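Report on the following structure.
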Amino acid sequence: MLLLQDIREQRAEIITRLKIKQVDATELIDKIIHLDDVRRESQQQMDALNARSNALAKEIGVLFKSGKATEANQLREQTSDLKTQSKEAEATMDQARREMEELLVLLPNLPHPSVPMGTSAEDNEIVFEEGKIPDLGSAALAHWDLVQQYRIIDFALGNKITGAGFPVYQGKGARLQRALINFFIDQAADAGYTEIQPPYLINAESGFGTGQLPDKDGQMYYIPEDDLYLIPTAEVPVTNLYRDVILKPRDLPVKHVAYSACFRREAGSYGKDVRGLNRLHQFDKVEIVQITEPEQSYPTLEEMREYVTGLLRKLELPFRIVKLCGGDISFTSAMTYDFEVFSAAQKRWLEVSSVSNFESFQANRMKLRIKDETGKMHPAHTLNGSALALPRIVAAILENNQTSEGIKIPDALIPYTGFDLIS
RNA sequence: GGAGAGAUGGCCGAGUGGUCGAAGGCGCACGCCUGGAAAGUGUGUAACCGCCAAAAGUGGUUCAUGGGUUCGAAUCCCAUUCUCUCCGCCA
């Protein structure tokens, strides 16, 4: 959430910067400022009226105590008018505030000045590329064929018991999932991240805090009976651990890692891009979250980028890092690096991680603040990144490592799988 | 799901109609003490929204949430939410 004060003071600059995100916020911002003007005016009225009532109430109290009932009753008559006027002013103020807040949460985060202009993924900037793309020849199979051949993931079975996008992992396929999860968590723990096991259901306040609501309402599974949402990522429960929290500088940086299943409705997705493991309604992901001082958030973003880079190197997958352009960056993010691995049989890049700096956008929504030594408050910065999401990593491992003997497991994973070949 | 109890500041906890934004303690900050620390000791320590160029100052709001009674509510009434205990169910 952008701060009202900033919107008022830097109206033109904010409008310009949001254009990088392909958003014209002029009308929205002007409405917000107008509603805030209304709110302030009615608050001033209300405050003045309340001040008078408070003073009168005090006087009346004193008069009653000293036995001057007649005078007290005279004053009492004056108060009823004040009260109704104050209620009216309050109603105006509340309504203006409510309307203003509804609009305020519709404004996306400002992109970092270095975020390139652009309308789609085409305009993203490739900032790094590494690893050898294997030449598999024409006999190479896509992962949806490989998983059938080796009987490790069954899409049809998932289809039967739940529906499309809910695969069943079995045998070495299931073991590979568990190996990857443990590998990722161990790596993060070694890098100083404290492990969290979060709930998989969240309330609306949490969805609002990290920005999924109201922007992405409809992308989360919702349970009306209990008014709860299935998490689309562990980012939501983990970051919301710090909702309404005041941190001290010595608590920082906060570093958490969490494995969770993730649930996404993916409404509107279809076609070949979603085949096999490419897009699922339920998938596994290990997420890293950091909370930092504002001036530390960009160095931290680079640190997280390096960390994810290290994971992909250990898995021996060819990958590239793209810096998302304004049109492709999310509602909440100020800057995002996407990591993509090359899937040799599909011959395409698959997004496996997204590392973002939200600056104070989530912190403002969540009231996550830092109180410094002088007692002053300022919003914290939040960041997160996938480290990593499993399905496309699995797809790339299966496709890139296929041989005539079977699928070779990367060395780093063998201690976790207990086998070096799926055959 | 049934019965009962409760929700107060960063935390614990007192407070049953006015002088209560709230005792006391813990924690925290600064000082004294100390070779340094601990202990001891002194002082200070809520957030939010306005007014003011800003600081100082000042008005307002906030004792789970929303409504009500009253000149005046942490305190009384109603509703809601949540927590705890017991019972039921259960991995």
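Proteins get letters first, then strands, A, B, ... in listed order; numbering begins at 1 in each. What you are looking at is a predicted structure, and each value in this text was computed from that prediction instead of being measured.
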Q: Measure the acute angle between the ring planes of A:F166 and A:Y221, then classify it against the limits of 30° and 60° as parallel, tilted or perpendicular.
A: tilted
Q | Who pairs with B:G1 - Watson-Crick or G-U, where each distance is under 3.5 Å | A | B:C87
(Q) Below 30° counts as parallel, above 60° as perpendicular, anything between as tilted: where do the rings of A:Y229 and A:Y222 land? (A) tilted
Q) What integer number of Å spans the P atoms of B:G4 and B:G9? A) 27 Å
Q: Could you check which nucleotide pairs with B:A38 in any of the strands shown, counting Watson-Crick or G-U wobble with both distances under 3.5 Å?
A: none
Q. Would you find more than 12 non-hydrogen atoms of other residues, nucleotides or ligands less than 6.0 Å from A:H378 atom NE2?
A. yes
Q: Would you kindly give the CD-to-C1' distance between A:E77 and B:G72, to the nearest whole Å?
A: 17 Å
Q: Measure from NZ on A:K83 to C1' on B:G60 and round the result to the nearest Å.
A: 17 Å
Q: Answer with base, sugar-phosphate or nothing: what part of the nucleic acid does A:R97 contact at a heavy-atom distance below 4.0 Å?
A: nothing
Q: Run through A:V115, A:L110, A:N109 and flag the one making a side chain to side chain contact (heavy atoms under 4.5 Å, CB included) with A:K21.
A: A:N109
Q. On RNA chain B, nearest-nucleotide positions of A:S53 versus A:G61: which is more 5'?
A. A:G61
**Q.** Spacing of the P atoms in B:C90 and B:A5 (rounded, Å)
**A.** 28 Å
Q. Please give, in whole Å, the distance from B:U62 C1' to A:D244 CG?
A. 14 Å
Q | Minimum-distance nucleotide to A:A57 side chain [options: B:G50, B:G18, B:A47] | A | B:G18
Q | More than 12 heavy atoms of other groups within 6.0 Å of A:R243 CZ | A | yes
Q.
What's the closest nucleotide to the side chain of A:R250 if the choices are B:C28, B:G60, B:C71?
A. B:C28
Q. Taking the C1' atom of each, how far is B:G21 from B:C63, in whole Å?
A. 9 Å
Q: For A:K376, answer base if it contacts any base atom (sugar-phosphate contacts may also be present), sugar-phosphate if it contacts only those atoms, and nothing otherwise; contact means non-hydrogen atoms under 4.0 Å.
A: nothing
Q.
Under a 3.5 Å cut-off for both contacts, is B:C28 paired Watson-Crick or G-U wobble with anything, and if yes, with which nucleotide?
A. B:G44
(Q) Let's test this: given Watson-Crick or G-U wobble pairing with both distances under 3.5 Å, identify the partner of B:A23. (A) none
Q) Which whole-number value in Å describes the distance from A:Q5 CD to B:A54 C1'? A) 13 Å
Q) Tell me: CE of A:M377 to P of B:U45, nearest whole Å? A) 15 Å
Q | B:C28 and B:U80, which share atom name C1', separated by this distance in whole Å | A | 36 Å
**Q.** Nucleotide paired to B:A7 in any strand shown, Watson-Crick or G-U, under 3.5 Å
**A.** B:U81
Q) Of the candidate nucleotides B:A47, B:U70, B:G50, which contains the atom at the shortest distance from the side chain of A:Q43? A) B:G50
Q: Would you mind telling me which of A:F184, A:Y337, A:Y193 makes a ring pair (Phe, Tyr, Trp, His ring centres under 6.0 Å) with A:Y307?
A: A:Y193
Q. Is there a Watson-Crick or G-U wobble partner for B:G50 with both distances under 3.5 Å, and which nucleotide is it?
A. B:U58
Q) Out of curiosity, A:D420 CG to A:I409 CD1, how far, rounded to the nearest 0.5 Å? A) 8.0 Å
Q: Determine the contact category for A:Q44: base if any of its heavy atoms lies under 4.0 Å from a base atom, sugar-phosphate if only primed atoms, P, OP1 or OP2 are that close, otherwise nothing.
A: sugar-phosphate
Q.
Within the 4.0 Å heavy-atom criterion, would you say A:K248 contacts the bases, only the backbone, or no part of the nucleic acid?
A. nothing
(Q) Please give the distance between the C1' atoms of B:A53 and B:A46 as a whole number of Å. (A) 28 Å
**Q.** Distance, C1' atom - from B:G10 to B:G44, rounded to whole angstrom
**A.** 16 Å
Q: Starting from P on B:G50, measure out to CG on A:L4 and report it in whole angstrom.
A: 7 Å
Q.
Applying the Watson-Crick and G-U wobble criteria at under 3.5 Å, what pairs with B:C33? Answer none if nothing qualifies.
A. none
Q. With a non-hydrogen cut-off below 4.0 angstrom, is A:R369 in contact with a base, only sugar-phosphate, or nothing?
A. sugar-phosphate
(Q) OP1 or OP2 of B:C51 versus the side-chain N and O atoms of A:R40: is any pair under 4.0 Å? (A) yes
Q: Sticking with atom C1', work out how far B:U8 lies from B:G24, rounded to a whole angstrom.
A: 14 Å
Q. If you count the non-hydrogen atoms of other residues, nucleotides and ligands that lie under 6.0 Å from CD in A:E41, is the total more than 12?
A. no
Q. When you compare B:U81 with B:G66, how far apart are their C1' atoms, in angstrom units rounded to a whole number?
A. 10 Å
Q) Would one find a side-chain N or O of A:K371 under 4.0 angstrom from OP1 or OP2 of B:U45? A) no
**Q.** Closest to side chain of A:D47, choosing from B:C71, B:G59, B:C28
**A.** B:G59
Q. With a 4.0 Å cut-off on heavy atoms, is A:N54 in touch with a base, just the backbone sugar-phosphate, or nothing at all?
A. sugar-phosphate
Q | Listed nucleotide nearest any side-chain atom of A:R76, set B:G68, B:C71, B:A47 | A | B:C71
**Q.** Between P of B:G66 and CZ of A:R98, the distance in whole Å
**A.** 11 Å
Q: Report the distance from atom CG of A:D251 to atom C1' of B:G10, rounded to the nearest whole Å.
A: 11 Å
Q) With both distances under 3.5 angstrom, what nucleotide forms a Watson-Crick or G-U wobble pair with B:G18? A) B:C71
(Q) Counting only side-chain nitrogens and oxygens, does A:R39 get under 4.0 Å of the OP1 or OP2 atom of B:G50? (A) yes
